[in-house]
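Residue numbers begin at 1 in each chain, while the letters A, B, ... track the order of the sequences.
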Protein chains: 2
Amino acid sequence: MASDSAAGEPSAPREPREGPTGRGALDRDRILRRGLTILDEQGMRALTMRKLGTDLGVDPMALYHHVPGREGLLDGITDLVLDDLRTTPGIEIPSTVGWSEYLHRLGHGMREIAQRHPRIFPLVATRPPEAPWLRPPMRSLWLVESFLSTLVSRGFTERSAIATYRVFSSFLLGHLLLEATARGAESAAPIEEPHPQSAGHVDAALYPTLASMRDGLQVDHSEQDFDDALGQIIGQVEALRAQGDR
Amino acid sequence: MASDSAAGEPSAPREPREGPTGRGALDRDRILRRGLTILDEQGMRALTMRKLGTDLGVDPMALYHHVPGREGLLDGITDLVLDDLRTTPGIEIPSTVGWSEYLHRLGHGMREIAQRHPRIFPLVATRPPEAPWLRPPMRSLWLVESFLSTLVSRGFTERSAIATYRVFSSFLLGHLLLEATARGAESAAPIEEPHPQSAGHVDAALYPTLASMRDGLQVDHSEQDFDDALGQIIGQVEALRAQGDR
DNA sequence: ACCTGAACACCGTTCAAGT
DNA sequence: ACCTGAACACCGTTCAAGT
């Protein structure tokens, strides 16, 4: 909910400025947030340095004074989105909860972000990571730091904390990415809709099983499925923790 | 191994043609395969309609007679890569193996694809799915059909087959995508290398836990980790199957 | 210090014209 | 039927010039 304040209609937030090009009108944060809402509303291809510039009432080339090109803009937006996790209760100050509650909140906090920004979430998995040497690699080292230090302070050995990071991160990414692309494709189609009528039709001759199971396959249990899977993973982690260093 | 025959050096397969622009020189498959190797070797941004055209010794605009634009080109390449699974033993003719062996082979077959094409694999998760109504959505319906029909023929109920599809697909995607971005970032950097010397350095003041665990975090256990996780998932599926319809 | 405007080197795609 | 070439409407980015 925190970041959405900047994602509303472009009506009110223009007020405090003296004009579209008033002094102080441009800074990195304002650029990033405007880019974020364009991405949310219109998708990847609509986010253009030139359009973003004119959108902010400024010569497009002025952006380069605050942001290191388009690539850097995307990285900045991705980090901005992930930053919302910082204010999630139980992650902000993890010392108040046990490790399994921490994992639970982290999982659901991350899921909320993926739901809020389905068009952007794939970037979290796809952007070049801040620490490429990390296996698996990750953007936002602060998140990994928080993750590991929380587990260690709860009695995990170094080894089991690392194993947990690996199990948990790939689980989370897989689940949320699939959910996000489902939602992204759904809310997509600003102009593009390749098969408007064939949508949802399955050729029963080619794919008999698929066709007969169609009803079951299209029901959306994602909330329930996610929670089940999260529980499974936490169970696995419990086993990891119990066997400690080996 | 099957598709690599076309992805190798451009020495032998050029023979039957009379010249770079000889008649019949251009067809959809040749375009897709050339695009695939460019993507593998030079990454996303290097794949340009214009460059692909001249690369094939043809006016770039000729491509549009065989491929519906760049977006369609990417979809075609993604499908081409996934098609390699069709020849994987145990998936080609699944009736010869049990369900757990099938899942095992499917998992490892998919992993091989992700390893072979780390720059392309993210597209599998990211391209608009062929069946958006499917939860989770998926490209290549044939794969889902094969998956479900195999399970059903091994005695899975409809319900447990669907549940298995959900558990398995998100597991597989998460693991392989993280591995692929690791490899992709590694083999990337054709020109771009933002932090050549800071690479691998962690600020111990900012991230003390990360810094102290560095050695353990950078070891690559991915083969072992994948196999372990695959085993876990197959165990979960066993439980799903046993409890049948509910 | 920050913004501007022209310029450069590209893109994807359409379409009339060729063969 | 297939390929070509010019054209259109865009891109990201650099850089000298303004204020």
**Q** Indicate, with yes or no, if the rings of His108(B) and Phe226(B) have centres closer together than 6.0 Å.
**A**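 His108(B) vs Phe226(B): aromatic centres under 6.0 Å.
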**Q** Between atom CG in Leu52(A) and atom P in dT13(D), what is the gap in whole Å?
**A** 12 Å
**Q** Is it true that Glu179(A) and Arg111(A) have a side-chain N and a carboxylate O under 4.0 angstrom from each other?
**A** yes
**Q** Is the closest basic N to carboxylate O distance between Arg30(B) and Asp27(B) below 4.0 Å?
**A**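 No, no charged N to carboxylate O under 4.0 Å.
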**Q** Which is more 5' along DNA chain C, the nucleotide nearest Arg50(A) or the one nearest Tyr64(B)? Just name the residue.
**A** Arg50(A)
**Q** In plain terms, say whether Arg116(B) and Asp84(B) are close enough for a salt bridge, that is, a side-chain N and a carboxylate O under 4.0 Å apart.
**A** yes
**Q** Once you apply the 3.5 Å cut-off to both distances, tell me the Watson-Crick or G-U wobble partner of dG18(C), or none.
**A**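 Check on dG18(C): paired to dC2(D), both distances under 3.5 Å.
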**Q** Do any side-chain nitrogens or oxygens of Thr48(B) fall under 4.0 Å of OP1 or OP2 in dC10(C)?
**A**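 Indeed not, no polar side-chain atom of Thr48(B) lies that close.
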**Q** Would you kindly give the CE-to-P distance between Met61(A) and dC15(D), to the nearest whole Å?
**A** 14 Å
**Q** Rounded off to whole Å, could you give me the CG-to-P distance for the Asp59(A) and dA7(C) pair?
**A**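 After rounding, the reported distance stands at 14 Å.
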**Q** Taking OP1 and OP2 of dC3(D), is either one under 4.0 Å from a side-chain nitrogen or oxygen of His66(B)?
**A**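 Yes, because at least one side-chain N or O of His66(B) sits under 4.0 Å from OP1 or OP2 of dC3(D).
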**Q** Measure from CG on Leu63(B) to P on dG5(D) and round the result to the nearest Å.
**A** 14 Å
**Q** Identify whether the distance between the nearest side-chain nitrogen and carboxylate oxygen of Asp79(B) and Arg139(B) falls below 4.0 Å.
**A** yes
**Q** Nearest whole angstrom, please: distance from the C1' of dA9(C) to the NZ of Lys51(B).
**A**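 Taking atom C1' of dA9(C) as the reference, NZ of Lys51(B) is at 13 Å.
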**Q** Distance check needed: dG12(D) P versus Arg45(A) CZ, whole Å only.
**A**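 So the CZ-P distance, Arg45(A) to dG12(D), works out to 12 Å.
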**Q** Please give, in whole Å, the distance from dC3(D) P to Leu56(B) CG?
**A** 11 Å
**Q** Please state the C1' separation for the pair dC8(C) and dC10(D) - nearest whole angstrom.
**A**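 Approximately 15 Å lies between the C1' atom of dC8(C) and that of dC10(D).
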**Q** Does the structure show a Watson-Crick or G-U wobble partner for dT13(C), both distances under 3.5 Å? Name it, or say none.
**A**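 Checking every strand shown, dT13(C) finds its partner in dA7(D), with both distances under 3.5 Å.
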**Q** Need one value for Met49(A): base, sugar-phosphate or nothing, where a base atom within 4.0 Å counts as base even if backbone is also close, heavy atoms only.
**A**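 Sugar-phosphate: the residue Met49(A), judged by heavy atoms under 4.0 Å, touches backbone atoms but no base.
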**Q** Can you check the Arg30(B) CZ to dC3(D) P distance for me, whole Å?
**A**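 Going from CZ in Arg30(B) over to P in dC3(D) covers 10 Å.
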**Q** Looking at the base of dC2(C), is there any donor atom on it, or on the side chain of His65(A), that sits under 3.5 Å from an acceptor on the other one?
**A**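 Result: no qualifying N/O pair found.
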